[in-house]
Amino acid sequence: MQPLTLDFYQKYDTLTLAQRLLGCTLVHQSQDGTTAGIIVETEAYLTDDPACHAYRRKTKRNAAMFGPAGTVYVYQIYGMHYCVNIVSGDEGVGEAVLIRALEPTEGIELMEERRGYGMSSAEGRMSKEKPIRHSALSLRHVCNGPAKLVKAMGISIEEHNGTSLLAGNLKIYPSVLEEFEMMTTTRIGITQGADLPYRFYVTGNRFVSRK
DNA sequence: CGCACGATGCTCT
DNA sequence: GAGCATCGTGCGC
């Protein structure tokens, strides 16, 4: 199957793209191995939206948001975590879609290692996340948050910020979900623009960060 | 299960 | 100097 093309990233406005990315698969082919997961939760950030990093002006941090659709925007948050976005809209306009959760499909052991957990085993999984090397991480908790999936997928600001999804080792493939219900809510963890209904997720999917 | 809180460092004001 | 598009722990139920 072929990855999503420039046309796909360009033809939708940001709110629509955020919805169309649900069900698509994010794939990272790294030196350590390939990891992949189905996008099950997204949020849109528009240029006239006070929660958007590009709301005020172009800066060193948000520069990637002003690139062409299909550009990757990675930023650091709370001094210790990173989140990944898919840039959308016209070049020169700062808009993007935050990837908030993935349903892991490939390279699950590698994901768990990157998250700081030991080898995965069907029996060994614990219901709670424990910072002990020998315990495994419940699959449900591997990619059910924006910073968790960045770490699990091996995405980094140094390697990926400002790069294109059309070339390189990070790509998105078309939706594999036949039919699904989508839920729309307000976004999580923001104070500005908190009432805007710009969050979308696959209804009933257990890998979503929160209902 | 749910809620409260502290960690931690960069960016922009 | 304030404010973060978060996460994991610890505690109570």
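Since the model is a prediction, treat every value here as computed from it, not as a measurement.
Checked against C:dC7, B:dA7, C:dC4, the side chain of A:Ile77 finds its nearest nucleotide in C:dC4. Comparing atom distances between the A:His81 side chain and each of C:dT6, B:dT8, C:dA5 picks out C:dT6 as nearest. Distances from the side chain of A:Arg57 to the nucleotides B:dT13, C:dT6, B:dT11 place B:dT13 closest. In the set B:dT13, B:dG9, C:dA5, the nucleotide with an atom closest to the side chain of A:Gln76 is B:dG9. Listed nucleotides: C:dC7, B:dT13, B:dC12. Nearest to the side chain of A:Arg56: B:dT13. Taking the side chain of A:Arg115 as heavy atoms from C-beta on, and the options B:dT11, C:dG8, C:dT6, the nearest nucleotide is C:dG8. The side chain of A:Tyr78 lies closest to C:dC4 when the candidates are C:dC7, C:dC4, C:dA5.
The partner of B:dC3 is C:dG10, by the rule that a Watson-Crick or G-U pair needs both atom distances under 3.5 Å. Both distances falling under 3.5 Å, in either a Watson-Crick or a G-U wobble arrangement, place B:dC12 opposite C:dG1.
The structure places SG of A:Cys143 at 11.5 Å from CD1 of A:Ile38, a figure rounded to the nearest 0.5 Å.
Among A:Val97, A:Val84, A:Asn85, the single residue meeting the side-chain contact (heavy atoms from CB on, under 4.5 Å) criterion with A:Tyr73 is A:Asn85.
Side-chain contact between A:Cys52 and A:Glu95 is absent, with no heavy-atom pair separated by less than 4.5 Å.
With respect to the salt-bridge test (charged N to carboxylate O, under 4.0 angstrom), the residues A:Arg187 and A:Glu43 do not qualify.
Between C:dG8 and A:Lys148, a contact under 4.0 Å exists linking OP1 or OP2 to a side-chain N or O. Neither OP1 nor OP2 of B:dG2 sits under 4.0 Å from any side-chain N or O of A:Arg210. The side chain of A:Thr191 contributes no N or O atom lying less than 4.0 Å from OP1 or OP2 of C:dG3. Between A:His53 and the phosphate of C:dA5, there is a side-chain N or O to OP1/OP2 separation shorter than 4.0 Å.
One atom, CE of A:Met65, and another, P of B:dC12, lie 12 Å apart when rounded to the nearest Å. In this structure, CD of A:Glu41 is placed 10 Å from P of C:dT6, rounded to the nearest angstrom. Put simply, CD1 on A:Ile157 is 14 Å from C1' on C:dA5, counting in whole angstrom units. For the pair A:Tyr75 OH and B:dT11 P, the computed distance is 14 Å after rounding to whole Å. Residue A:Tyr201 contributes atom OH, which lies 21 Å from atom P of C:dA5 at whole-angstrom precision. Distance, A:Asp49 CG to C:dA5 C1': 10 Å, rounded to whole Å. Summarising the geometry, the separation between CG on A:Asn161 and C1' on B:dC10 is reported as 14 Å, rounded to the nearest angstrom. Following rounding to the nearest Å, A:Gln192 (CD) and B:dT11 (C1') show an atom-to-atom distance of 15 Å.
Judged purely by distance below 3.5 Å, without hydrogens or angles, the side chains of A:Glu41 and A:Ser209 pair a donor atom with an acceptor atom.
A:Ala147 comes within 4.0 angstrom of sugar-phosphate atoms only, judged by non-hydrogen atoms across all strands, and of no base. Here A:Arg61 lies in heavy-atom contact (under 4.0 Å) with sugar-phosphate atoms only.
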Exercise for the section: Take A:Tyr45 and A:His53, measure what ring pair (Phe, Tyr, Trp, His ring centres under 6.0 Å) needs, and give me the verdict at the end. Expected result: CA-CA 8 Å; A:Tyr45 288 86; A:His53 287 173; 7.2 Å; no

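Look at A:Tyr45 and the base of C:dA5; the rings stack, centres closer than 5.5 Å and planes less than 30° apart.
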